[in-house]
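Notes follow the structure.
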Amino acid sequence: MDVLGTAVVWLVRLAVLAAICVAAVYIRLDAVLTYGRVIHEFDPWFNFRATQYLVDHGYQKFSTWYDEEVWYPLGRPVGSTIYPGMMVTAAWLFRTFEYFNLDISLNDVCVFIPAGFGVTATLFTMGIAYEASRSVNAALFTGFIMAIIPSHLMRSVAGGYDNESIAVTAITSTFYLWLRSLRGPSSWPYAILAGLSYVYMVATWGGYVFVLNMIGVHAIVLVMLGQFTPHLHKVYSIWFVIGTLGAIQFPIVGLLPFQSMEQLGPLGVFLIMQVLLAVDKFKPQIDDKKFLRQRNNIIAALVLGGAVVFGALHSMGIIYGLSNRVRSLFIPHTHTGNPLVDSVAEHQSTPNTVYWHYFHATCYLGPIGAIWAVVTKRTPPKYFVFLYCLLAGYFSRKMIRLVLLLAPAASIAAGIAADLIFGWSLTILSAGVGEYLGGSSGEAEASAKAETEETAKSPEKDKKAKAGKAGKEKKDLDGRSLSALYNSINVFKLSTDSTIKSLQLIAAIVLPLFLGVHLLRFAGHSFAVSSELSHPTIIVKARSHTGEPIMLDDFRQAYWFLRDKTAPDARVLAWWDYGYQINGIGNRTSIADGNTWNHEHIALVGRCLISPEEEAHRIIRHLADYVLVWTTRYAGMAGDDLAKMPHMARISASVFSDLNANEYWIDQNQRGSPKLMKSILWKMHFYGYDPSIKLSKFEEAYTSPNRMVRIFKVKDVGPRHPVGQYPKALEFVLKKSKAYKQH
C-alpha cells in the first residue's frame, strides 16, 4: 500500500475511534437528557455526600472523619472504612475546573463522571485487545462493543456515581499496562505504571481482589507452561511490590494482602518467582533434565511448606478465611445463608436470561475470540484473554453484580472474533477477485501439476518427505495440537478445489453480512437497554390516567420535607436501603444505611418495624424522631417495605432468638399474617385508608402526593443519648440479641 493509501486507512481508523468515544459518552447521557442532572439510586448519594465533605474539609479531616449523623446512636468512622479513590478523583476534577474558572458544580462533576470514565475504560480495553491480537482493527471492533455493551452500561450511566463507574477504568488500565510490560525486555517500566494503576484500583473498589488474583493466576500459568523468564520475574515483582505497598496504605485494606486467604495466592506466586530465579542461576552447572527435576522438587517442597505454615497461621487466627461473599462464589448455592446479604438482589446468582440481555451478540462472538487465543500462535497476552474470559465468566455466574467484570473480557473476545471474520472474508474475496482479474487460477493449477510430476519422478524422495512431515506433525500435535491443526488447515488461503473455493467465496460474502446485521442489532439493543438503565430510581417516569407521560417525584419530595420541615438534628428510622438518601437529600440523621457493616444493628431496626406498636415505640423513642416507610404499592410499584418485610423478619430473627421469621408473611390475596398485621410496618402502610387501623404512639407527619412515601412523627421521644453507644434504656431489648455468626 502506498503512502496515500496508508494515510487514508489511518484517517478512517481515527474517525472510527472518535465515533466510538462519542458513542461511549452519548449512550450514557440518556438519564441526564430525560431527568436532568440528578444523582441516582442509593449508594451514589452517600458517595456524593462524602465527596462534598472532602471538598469542604480537605483530605486529612476526610481520612479521620467520624460521622455522627449515620448509624445512630453508634456513628461510623467513614474515612477509614471506605474506598476513597472516586471521591478524590471527583474532588480533584472539581478543583481543577474551579482553578480554570469553569462554572461546574460538584453535583455536575459527580453526575458526568460515569460517562467520562466510560470512554477511558473503552480505550484501555482496546489496548488489551491490541496486545492480544496485534491488530488495530480488532482493537476498533473491541472499542465499538465496549463503548455500548449493556453489561458495562449497568454501572456507568450518567448519574450513577458509584465506585464501579470508575473501577472498570482502573481494572482495564491495570490489565493493559501489565500486558504491555510483558512485550519485551525494554518494556519493564510499564510494570511500574501497572503497579500504580493497581493502587488506584485498590483505592476505588473492593473488586481489586479480582484484579490481584487475575494477574497472579496469569503469571503462575505462564510459569507452569514453561515460560518463566528473568523478564517475567522482573515485571511481576515490580508490579507486586509497588501494588502491595500502595494497597496497605488504605485503612480499609490494611494488612489484608498478607492475612486474607483470598489475597495470599499472588503473594505465593511472588515467592515462587524469587525461588525460580535463584534456582535458575544453577542451570548452567547441571544438565536440563536434572535441573528441571530439582526445580520441580524445590517448588513442590515450597508449596507443601507454605500450606503447612498457612494452616498453622490460620488456626492461630493470624490469617483469615474467605469472607462470606467470596466463599459463596466457590460453592453451589441459591442463598449465601446470610439473610442480610441475601436481601440484596445484586448478590443473587445470575439467571441465564441476564446474559443475552447484557451481552447480546457477544454471547456467540465471545467464545470464538476466546478459543482463538488458545488455537493460534499463543502469547502471554492471548493466555491472559482466555483466562480473563474464563474466570470473569465463572464469577459472573455466581453473582449478578459481577456481570460487570465480564464486560471488558467479552468485548475483547468478541472484537477479536469480529476482526477474524471480517479479515478472513476480505482475504478470501481479495484472492477471488485477484484470480478473476489476473488469471492466477491457471498459475495455481500449473504449480499443482508440476508438484505432482515431481512427486511421480521421485517416489522415494516423496516417501521420505512425507515421513519427515508426518513426524514433524506428530511432534507438533503432541505438543500444541490445536495450533498445529489450525496451521495445517490454512483457512486463510483460497482453495484450488473449485467446490471448496465456491463455498469459501459464498461464506466470505454471507458471514460479514450476517455479522454486520447482528452488530447493528446489538447497537440498537444497547441503546434500548441504556434507556432502561437510565431510570434514576429517585424519580419515576409513569403515565397519567389519560396516557400522558408524567414524572413521579415523591421520593425527593419526602426527603425535602425532612430537610425543610424537621429539626436539623432530627433522627429518621427507616429500612437500611434509604439511609443514604435520608442523609444525602434530606440532610438528616439516619439509623442504618447501605454500608451494612453492623448486622445486629440492622436486625434491631427490622425488629422495630415488624413489632406491634407498643413494643416498637418502646425501642424507637430512644432512637428516632421520625419513621419513614416506602408505600409504593399505591402508585402501582412493587418493592415497597411490605414486600421487603420477609427480609426484615429473617434478618431480625437471625439476631433475636425470640422472633420467628415464619410468623411474618403475606398471602396471594395480600393479607398479612396475624403478627404482621399487628406491626407498625403494616399499620403505617394502611393508616388513614383502613378505618380499623389506629395509631396512638405515632402521628402522620407527611404523605407524598402519590402516597409512595409516608413519614410518621414519634410521640414521647426519650432523652437524646451521646453518639458512640446504645442508651441504657435499650438494654431490655439488646439482652435478647446475640452476635450473628455465619453458619
Side-chain angles (χ1 to χ4, degrees), residues 15-45 47-48 51 86 89-90 92-94 96-97 102-126 140 142-170 172 357-360 403-404 407-408 411 519-542 549-553 555-556 584-585:
V16 171
L17 178 60
I20 287 170
C21 294
V22 170
V25 173
Y26 180 75
I27 196 172
R28 290 168 169 78
L29 296 183
D30 185 74
V32 173
L33 298 174
T34 305
Y35 301 97
R37 300 173 183 183
V38 179
I39 302 289
H40 293 195
E41 303 289 343
F42 301 103
D43 291 12
W45 278 103
N47 296 329
F48 175 72
T51 305
M86 182 176 63
T89 301
W92 178 82
L93 288 171
F94 174 72
T96 300
F97 294 141
L102 297 175
D103 187 19
I104 301 177
S105 68
L106 182 61
N107 178 84
D108 289 353
V109 171
C110 295
V111 165
F112 288 108
I113 268 183
F117 275 79
V119 177
T120 54
T122 297
L123 294 175
F124 280 117
T125 305
M126 291 173 65
L140 290 173
T142 296
F144 164 74
I145 295 169
M146 182 64 179
I148 62 175
I149 192 169
S151 52
H152 184 204
L153 293 175
M154 67 188 293
R155 290 289 182 169
S156 62
V157 295
Y161 182 57
D162 214 346
N163 291 333
E164 292 92 328
S165 64
I166 284 183
V168 178
T169 289
T172 52
H357 188 66
Y358 284 110
F359 292 95
H360 201 258
V403 163
L404 177 71
S411 300
L519 288 178
L520 289 175
R521 288 182 176 177
F522 166 73
H525 174 79
S526 297
F527 275 89
V529 173
S530 171
S531 181
E532 297 174 12
L533 296 172
S534 296
H535 295 171
T537 301
I538 199 72
I539 305 174
V540 179
K541 184 190 290 186
I550 57 173
M551 295 293 181
L552 305 182
D553 207 2
F555 302 125
R556 290 199 302 176
I585 307 174

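Quick note: numbers below take in every heavy atom, side chains included, and nothing from hydrogens, waters or symmetry partners.
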Taken to the nearest 0.5 Å, the spacing of F124 CZ from T169 OG1 works out to 7.5 Å
Looking at every non-hydrogen atom in both residues, tell me the closest pair between T172 and T125 and how far apart they are. CG2-OG1, 3.3 Å
Any C110 side-chain heavy atom under 4.5 Å of N47 side chain: no
Quick check on Y26: does its OH atom have over 12 non-hydrogen neighbours (other residues, nucleotides or ligands) under 6.0 Å away? no
Let me confirm one number: the CG-CD1 distance from L106 to I104, rounded to the nearest 0.5 Å. 11.5 Å
OG1/T34 to CG/L29 distance, rounded to the nearest 0.5 angstrom? 10.5 Å
Give the minimum heavy-atom separation between V119 and C21, together with the two atoms involved. CG2-O, 3.7 Å
Yes or no on side chain to side chain contact (heavy atoms under 4.5 Å, CB included) for H360 and R521, after CA distance, side-chain angles and deciding distance? CA-CA 9 Å; H360 201 258; R521 288 182 176 177; 4.1 Å; yes
Minimum heavy-atom separation for L153 and I148, please, with both atom names. CD1-O, 3.4 Å
Shortest non-hydrogen separation from H525 to H357 and the atoms involved: NE2-O, 2.7 Å
Decide yes or no for V403 and F359: does some side-chain heavy atom of the first lie under 4.5 Å from some side-chain heavy atom of the second? yes
So, taking the atom named OG1 in T51 and the one named CE in M86, what distance separates them when rounded to the nearest 0.5 Å? 6.0 Å
Check step by step if side chain to side chain contact (heavy atoms under 4.5 Å, CB included) holds for T89 and F117. CA-CA 11 Å; T89 301; F117 275 79; 3.8 Å; yes
So, applying side-chain contact (heavy atoms from CB on, under 4.5 Å) with D162, which one of I113, D43, I39 is it? D43
Mark yes or no for whether D108, through its side chain, and R37, through its backbone, hold a donor-acceptor pair below 3.5 Å. no
Nearest heavy-atom approach of V540 to F555 is CG2-CE1, 3.9 Å
Report the relative orientation of the aromatic rings in F144 and F522; use parallel for angles under 30°, tilted for 30 to 60°, perpendicular for over 60°. perpendicular
So, does S530 use its side chain to make a donor-acceptor pair with the main chain of I27 at under 3.5 Å? yes
What verdict does the side chain to side chain contact (heavy atoms under 4.5 Å, CB included) test give for V32 and F112, after you've listed the backbone C-alpha separation in whole Å, the side-chain angles of each residue and the deciding distance to 0.1 Å? CA-CA 9 Å; V32 173; F112 288 108; 4.1 Å; yes
For H152 and M146, run side chain to side chain contact (heavy atoms under 4.5 Å, CB included): C-alpha distance rounded to whole Å, both residues' side-chain angles, the deciding distance at 0.1 Å, then the answer. CA-CA 7 Å; H152 184 204; M146 182 64 179; 3.5 Å; yes
Measure the spacing between CH2 of W45 and CD1 of I585 and express it to the nearest 0.5 Å. 4.0 Å
R28 side, atom CZ; L533 side, atom CG - distance, nearest 0.5 Å: 10.5 Å
Taking the six-membered ring where the residue is Trp, are the ring centres of H535 and H40 under 6.0 Å apart? no
If you compare all heavy atoms of P44 against all heavy atoms of G160, which two are closest, and at what distance to 0.1 Å? CG-C, 4.3 Å
Would you mind reporting whether L140 and I20 have side-chain heavy atoms less than 4.5 Å apart? yes
